[in-house]
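Start at 1 with the first residue, then count along the sequence. Quick caveat, the model's predicted, so the values are computed rather than measured.
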Amino acid sequence: MAVAAPSPRVLADVLPRSIPRDVLLVVGGAAFVGIAAQIIIPLPFTPVPITGQTFAVLLSAAALGTLRGVLSMLLYGLVGMAGLPWFAGGVSGGFALVTFGYVIGFVLAAGVVGYLAERGWTRSVVRMAGAMVIGNVTIYIFGAIYLHFALHSTSWATTMGLGVTPFLLGDALKIVIAAGLFPLVWRQIKTEPDK
């Protein structure tokens with residue numbers, strides 16, 4: 001009687017398991033976010049630019065799962081704080097950056113989206129869209145709170161206008177893309193052993 005290998009919980013689990021694989025996946029997720037952060041459209045009315053960061057964070061978390069996703073975003077944040085200029089627009093730094101709250105949100109969103117991915121949310125369009133919405137909201141909460149206090153903003157409406165509202169349409173488009181992409185990839189992956 002053959003023992004079947006467990007089905008992969010997240011896309012990264014399709015690869016053969018090993019510590020070097022996990023290290024490469026964590027580093028690769030951080031690098032993916034660092035590269036996506038350089039895709040930038042500055043907005044003249046806000047210090048928060050449009051980037052590919054949030055999309056890369058949520059895709060990485062969905063593909064890597066909870067632990068690897070969180071470690072990947074922690075690595076991204078720590079290396080940027082240490083001086084590698086791979087935050088949005090090629091900057092580095094830490095708590096002094098008015099947009100650093102988004103980086104904090106990346107770590108927490110990676111945990112949430114990774115957790116949901118491990119429970120099968122990336123295999124259905126509706127649930128994948130839900131995971132992406134939850135991840136985006138997590139990033140927005142931490143990014144907006146940090147931005148509010150970093151800018152000494154006079155109102156939450158102003159903060160929302162600078163750090164959330166301008167990005168809703170673009171993030172909705174990213175959610176649609178991811179919601180269609182992940183279930184499609186899962187359908188292409190053979191998860192059942194040969195009989």
Inset, instruction - Check the hydrophobic clustering (I, L, V, M, F, W, Y; side-chain heavy atoms under 4.5 Å; chains of links allowed) and say if Leu108 and Leu58 are grouped together. - result: yes
Inset, instruction - Could you tell me whether a side-chain N or O of Thr138 sits under 3.5 Å from a main-chain N or O of Ala109, the two making a donor and an acceptor? - result: no
Inset, instruction - Side-chain contact test, heavy atoms from C-beta onward, threshold under 4.5 Å: evaluate it for Leu15 versus Leu25 and give yes or no. - result: yes
Inset, instruction - Using a 4.5 Å cut-off on heavy atoms from C-beta on, say whether the side chain of Ser60 contacts that of Phe55. - result: no
Legend entry - Minimum heavy-atom distance Val48-Leu147, with the two atoms named: CG2-CD2, 3.9 Å
Inset, instruction - Determine, step by step, whether Leu162 and Thr158 satisfy the side-chain contact (heavy atoms from CB on, under 4.5 Å) criterion, reporting the C-alpha distance in whole Å, the side-chain angles of both residues, the deciding distance to 0.1 Å, and the verdict. - result: CA-CA 6 Å; Leu162 295 174; Thr158 299; 4.0 Å; yes
Legend entry - Spatial distance of atom CZ (Arg187) from atom CZ (Arg123) [nearest 0.5 Å]: 12.0 Å
Legend entry - Minimal non-hydrogen separation, Ser124 against Pro183, with atom names: C-CG, 3.5 Å
Legend entry - Minimum-distance pair of heavy atoms, taken over all atoms of Pro166 and Leu43: CB-CD1, 4.0 Å
Inset, instruction - For Arg21 and Ala12, indicate whether the former's side chain and the latter's backbone hold a donor-acceptor pair under 3.5 Å. - result: yes
Legend entry - same_hphob_cluster(Met160, Leu168) at 4.5 Å side-chain heavy-atom cutoff: yes
Inset, instruction - Could you tell me whether the side chain of Thr159 and the main chain of Ser155 form a donor-acceptor pair under 3.5 Å? - result: yes
Inset, instruction - Please tell me if the side chains of Ser92 and Leu84 come closer than 4.5 Å, counting only heavy atoms from C-beta onward. - result: no
Legend entry - Heavy-atom check, side chain of Leu64 versus side chain of Ser72, under 4.5 Å: yes
Legend entry - 4.5 Å side-chain heavy-atom contact, Ile50 and Ile40: no
Inset, instruction - Over all heavy atoms of both residues, which pair between Gly77 and Val103 is shortest? Give the atoms and the distance, please. - result: CA-CG1, 3.9 Å
Inset, instruction - Would you indicate whether Leu184, at its atom CG, is surrounded by more than 12 heavy atoms from other residues, nucleotides or ligands within a distance under 6.0 Å? - result: yes
Inset, instruction - Using atom types as modelled and distance alone, determine if a side-chain donor or acceptor of Thr66 lies under 3.5 Å from a backbone N or O of Tyr115. - result: yes
Legend entry - Derivation of the side-chain contact (heavy atoms from CB on, under 4.5 Å) call for Val113 and Ile134: CA-CA 8 Å; Val113 172; Ile134 292 167; 5.9 Å; no
Legend entry - Rounded distance [0.5 Å steps], CZ in Phe167 versus OG1 in Thr54: 9.0 Å
Inset, instruction - Give a yes or no on whether Ile177 and Trp186 share a hydrophobic cluster (residues Ile, Leu, Val, Met, Phe, Trp, Tyr; joining criterion: side-chain heavy atoms under 4.5 Å apart). - result: yes
Legend entry - Student check: side-chain heavy atoms of Phe182 and Trp121 closer than 4.5 Å: no
Inset, instruction - Check the pair Thr122, Leu11 against side-chain contact (heavy atoms from CB on, under 4.5 Å), reporting the backbone distance first and the verdict last. - result: CA-CA 9 Å; Thr122 61; Leu11 288 176; 5.6 Å; no
Legend entry - Close side-chain approach of Ile141 to Ile145, heavy-atom, < 4.5 Å: yes
Legend entry - For Thr51 against Ala37, the heavy-atom pair lying closest together: CG2-O, 4.0 Å
Legend entry - Flag, side chain of Tyr102 to backbone of Gly163, donor-acceptor distance under 3.5 Å: yes
Inset, instruction - Could you state whether Met132 and Leu173 fall into the same hydrophobic cluster, counting links through intermediate Ile, Leu, Val, Met, Phe, Trp or Tyr residues with side-chain heavy atoms under 4.5 angstrom apart? - result: yes
Legend entry - Spatial distance of atom CZ (Phe32) from atom CD (Gln53) [nearest 0.5 Å]: 11.5 Å
Inset, instruction - Kindly work out whether a path of hydrophobic side-chain contacts (I/L/V/M/F/W/Y, heavy atoms less than 4.5 Å apart) joins Ile139 to Tyr146. - result: yes
Legend entry - Donor-acceptor contact below 3.5 Å, side chain Gln38 vs main chain Gly90: yes
Inset, instruction - First locate atom CG of Asn136, then atom CG of Asp171, and finally report the distance between them rounded to the nearest 0.5 Å. - result: 4.0 Å
Legend entry - Centroid separation Trp86 to Tyr76 less than 6.0 Å: yes
Inset, instruction - Determine whether Phe106 and Phe142 make a side-chain contact, defined as any pair of heavy atoms from C-beta on separated by less than 4.5 Å. - result: no
Legend entry - CE on Met81 to CZ on Phe95, rounded to 0.5 Å: 4.0 Å
Inset, instruction - Please test Val10 against Arg68 for side-chain contact (heavy atoms from CB on, under 4.5 Å), starting from the C-alpha separation and ending with a verdict. - result: CA-CA 11 Å; Val10 293; Arg68 289 175 297 222; 3.4 Å; yes
Inset, instruction - Just say parallel, tilted or perpendicular for the rings of Trp156 and His148, cut-offs at 30° and 60°. - result: parallel
Inset, instruction - Identify the heavy atoms of Ala110 and Met73 that sit nearest to each other, and give their distance. - result: CB-CG, 3.6 Å
